[in-house]
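Note that the structure is predicted; figures quoted are calculated from it, not measured. Throughout, protein chains are lettered first and strands after them, A, B, ... in sequence-line order, and every chain is numbered starting at 1.
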Amino acid sequence: MASSPYYLTTPIYYVNDRPHIGHAYTTLACDVLARFHRLDDREVHFLTGTDEHGQKVEKSAILAGKDPQTFTDEVSQNFRNLAGDMNYSNDDFIRTTEERHNQAAQAIWRAIKDNGHIYLDSYAGWYSVRDEAFYAESELTKNEDGQKIAPTGAEVEWVEEPSYFFNLSKWEEPLLEFYEKNPDFIGPESRRNEVVSFVKGGLKDLSISRTSFKWGIPVPDDPDHIMYVWLDALTNYLTAVGYPDTKNPDYLKFWPADLHMVGKDIVRFHAVYWPAFLMAAGLPTPKRIYAHGWLLNKGEKMSKSLGNVLLPEDLVSKYGLDPVRYYLLREVPFGNDGYISHKTMVSRINSDLANDIGNLAQRSLSMIAKNCDGAVPTPGAFTESDEALLSSARNVIDTARNEFNRQAFHRGLEAIWAVVGDSNRYVDAQAPWELRKTDPDRMATVLYVLAETIRHLGILIQPIMPDAAAQLLNQLSVGVDARTFIHLGPGHALTAGAPLPKPAPVFPRYIDEEVPI
RNA sequence: GGGCCCGUAGUUCAGCUGGUUAGAACGGACCGCUCAUAACGGUUAUGUCGCAGGUUCGAAUCCUGCCGGGCCUACCA
């Protein structure tokens, strides 16, 4: 199998906020894909980072009594820390305030401009000084004096400022053709429909510079203008692979990106503006954008005002890191909005992890420890049931790969857990505790089949639960260099007689503190 | 206003290029087992497949309308 490079990105997160569960969710999905593809022997480049420019950041910095750079240094660090807390394996962490990014952003501007797609005009609209924002005519209401006011109640005035424009309106046809030729460019399907209908509805030229604030990347040759934050931000995906040096080995290897993972709120920027910018600059477009849904706290959108925002560090300290990673990707069909709650979390931890896979490993390994001299048992000839279980363990990678490749994590996990179910049924059917008395050789074979199945499960769950998987594989004395997907299958099966450490439970049950009467 | 998605067992969902008695998981009930983290296995669904029409030999699955939920987007004033 050809092992092609794989480049995937999270959005860069806006530094105006603390990392919450939504940020953790997006990056988690990418982390799982990154680990998955590495195990599939691909060279992976996994990028995340922070978006640090813009008027809001400038304003927040001033409020905090800091200069913008100091302010963003601090907030960006919170996002870096999240990577540690969640065991993310990103290969790079980009900040839009870095010099390499300044170079890239200016370079793409020049490329677009040189190709004739940028022009200078003036931007006009209803502007609220208090809100520092433009409002559409339709958003405005009038107060008793007949003065137009913003939805926030602030007074607005008609202002015009000089601005550079990107001729987005010219890209309507090329974009529609691009979507047509690349049916997998946007996932899931419902988002794709939205984007296509948005573009079909007509595109207006896009204002891509501002003169009203300073905290951003200056427009080349016209430093009174600051680049529009989205053009700035999106370009980070190029910066990280060495652009504008298109001879850079990373650029040659990794661009165009295989996947930009985004939340559903920023699909338009990634699925419309970004490919248009790239086409205008004469650069290749990414292969896929995937927009996932929101995690809802018991049905309510999390928001600061509702005070129901879940913080990743709180979940992790309460339930443990790997269980949280598993839960988030198993419970909610990726791409849909979904509810998360303590109740369903505990249910997943106890039934899927502790009862199903955890107990499977523990019951199997402790029988081996007690009855096989603490070593990999020596199997005899395999029966039909043995082969059936082994082949389900060996083949599930194909399903997992297909599902993960279309970001259907919950489906991939479901397929892996079907093997767990098969294994538990197999234990019951074979009843090795009976065989111990009647047919020890057969018992050894059954226990060997179980150990070998668990080896597969351990390898397969590494992307989702790296630590727990490692513990499982350690308990089978699987070498750290024998844990990739290449090692699935009979060719790398456990060696009979290899000594095994004393087994210990890997997935503890979660017991609620509050004891019901 | 236009568009997209959704409404299926107590719960979360699958099925939806139309075709035997509508499925899974979790929860509940009953039974079995005792290797194991009181875990595992088996059996168990009186579900109006949102409502009402229509097409068809036959619809959860296609069409129309309505009700309810979500999302994208436009505009009048």
Query raised in the report: What nucleic acid atoms does A:Arg191 come within less than 4.0 Å of, heavy atoms only: base, sugar-phosphate, or nothing?
Result: sugar-phosphate

Query raised in the report: Using a cut-off of 4.0 Å on non-hydrogen atoms, how would the nucleic acid contact of A:Asn350 be classed: base, sugar-phosphate, or nothing?
Result: nothing

Query raised in the report: Which of these nucleotides, B:G41, B:G3, B:C35, is closest to any side-chain atom of A:Ser197?
Result: B:G3

Query raised in the report: What is the base-pairing partner of B:U46, counting Watson-Crick and G-U wobble geometry with both distances under 3.5 Å?
Result: none

Query raised in the report: B:U37, B:G41, B:U34: which one has an atom nearest the side-chain heavy atoms of A:Phe507?
Result: B:U37

Report task. Whole angstrom is fine here: how far is it from CD in A:Gln362 over to P in B:C40? Result -> 14 Å

Requested in this report: Identify whether the distance between the nearest side-chain nitrogen and carboxylate oxygen of A:Glu452 and A:Arg455 falls below 4.0 Å.
Outcome: yes

Query raised in the report: How would you label the contact of A:Lys370 with the nucleic acid (heavy atoms, under 4.0 Å): base, sugar-phosphate, or nothing?
Result: sugar-phosphate

Query raised in the report: Considering only side-chain heavy atoms of A:Asp428, which listed nucleotide, B:C35, B:U34, B:A14, is closest?
Result: B:C35

Report task. Look at all strands and tell whether A:Val506 reaches a base, only sugar-phosphate, or nothing, counting heavy atoms closer than 4.0 Å. Result -> base

Query - Atom-to-atom span, CD of A:Gln475 to P of B:U37 - whole angstrom - result: 12 Å

Query - Spacing of the C1' atoms in B:G47 and B:G10 (rounded, Å) - result: 11 Å

Report summary line: Here the distance between atom P of B:U12 and atom OH of A:Tyr327, to the nearest Å, is 13 Å

Report summary line: The nucleotide from B:C4, B:C75, B:C33 with an atom nearest the side chain of A:Asn193 is B:C4

Query raised in the report: Just checking A:Gly358: base, sugar-phosphate only, or nothing, at a heavy-atom cut-off of under 4.0 Å?
Result: base

**Report entry** Over 12 non-hydrogen atoms of neighbours within 6.0 angstrom of CG in A:Asp373
**Finding:** no

Query raised in the report: Is B:C13 paired to anything, Watson-Crick or G-U wobble with both distances less than 3.5 Å, and if yes, which nucleotide?
Result: B:G23

Requested in this report: Could you check which nucleotide pairs with B:C35 in any of the strands shown, counting Watson-Crick or G-U wobble with both distances under 3.5 Å?
Outcome: none

Report task. Please tell me which of the listed nucleotides, B:C35, B:A39, B:C26, lies nearest to the side chain of A:Val427? Result -> B:C35

Report summary line: Out of B:G41, B:U34, B:G3, minimum distance to the side chain of A:Asn424 belongs to B:G41

Report task. Measure from CD1 on A:Ile340 to P on B:U12 and round the result to the nearest Å. Result -> 16 Å

Requested in this report: Between A:Asn355 and A:Glu194, name the one whose nearest nucleotide on RNA chain B is closer to the 5' end.
Outcome: A:Asn355

**Report entry** Euclidean distance, atom CG of residue A:Asn336 to atom C1' of B:G70 [Å, nearest integer]
**Finding:** 11 Å

**Report entry** Under 3.5 Å on both distances, the Watson-Crick or G-U partner of B:U55
**Finding:** none

Query raised in the report: When the aromatic ring centroids of A:Phe409 and A:Phe404 are compared, is their separation below 6.0 Å?
Result: yes

Requested in this report: Would you check if the distance from the ring center of A:Phe166 to the ring center of A:Trp230 is below 6.0 Å?
Outcome: no

Report summary line: Atom CH2 of A:Trp417 and atom C1' of B:A14 are separated, to the nearest Å, by 20 Å

Requested in this report: Check every strand shown and say whether A:Glu331 touches a base, only sugar-phosphate, or nothing at a heavy-atom separation below 4.0 Å.
Outcome: nothing

**Report entry** Nucleotide of B:G15, B:C4, B:A36 approaching A:Ser366 most closely (side-chain heavy atoms)
**Finding:** B:A36

Query raised in the report: In whole angstroms, how far is the C1' atom of B:U12 from the CZ atom of A:Arg411?
Result: 14 Å

Query raised in the report: Partner of B:A74 by Watson-Crick or G-U wobble geometry, both contacts under 3.5 Å, or none?
Result: none

Query raised in the report: Below 6.0 angstrom between ring centroids: does that apply to A:Phe269 and A:His260?
Result: no

Query raised in the report: Once you round it to whole Å, what is the distance between P of B:A36 and CD1 of A:Ile368?
Result: 13 Å

Requested in this report: Write down the atom of A:Leu203, the atom of A:Ser169, and the distance for their closest heavy-atom approach.
Outcome: O-CB, 3.2 Å

**Report entry** Electrostatic pair A:Arg325-A:Asp467, nearest N-O below 4.0 angstrom
**Finding:** no

Requested in this report: Quick one: label A:Pro432 by what it contacts on the DNA or RNA (base, sugar-phosphate, nothing), any heavy atom closer than 4.0 Å.
Outcome: nothing

Query raised in the report: If you pin A:Lys264 and A:Lys437 to their nearest nucleotides in RNA chain B, which one's is more 5'?
Result: A:Lys437

Query raised in the report: For B:A39, does either OP1 or OP2 sit under 4.0 Å from a side-chain N or O belonging to A:Arg509?
Result: yes

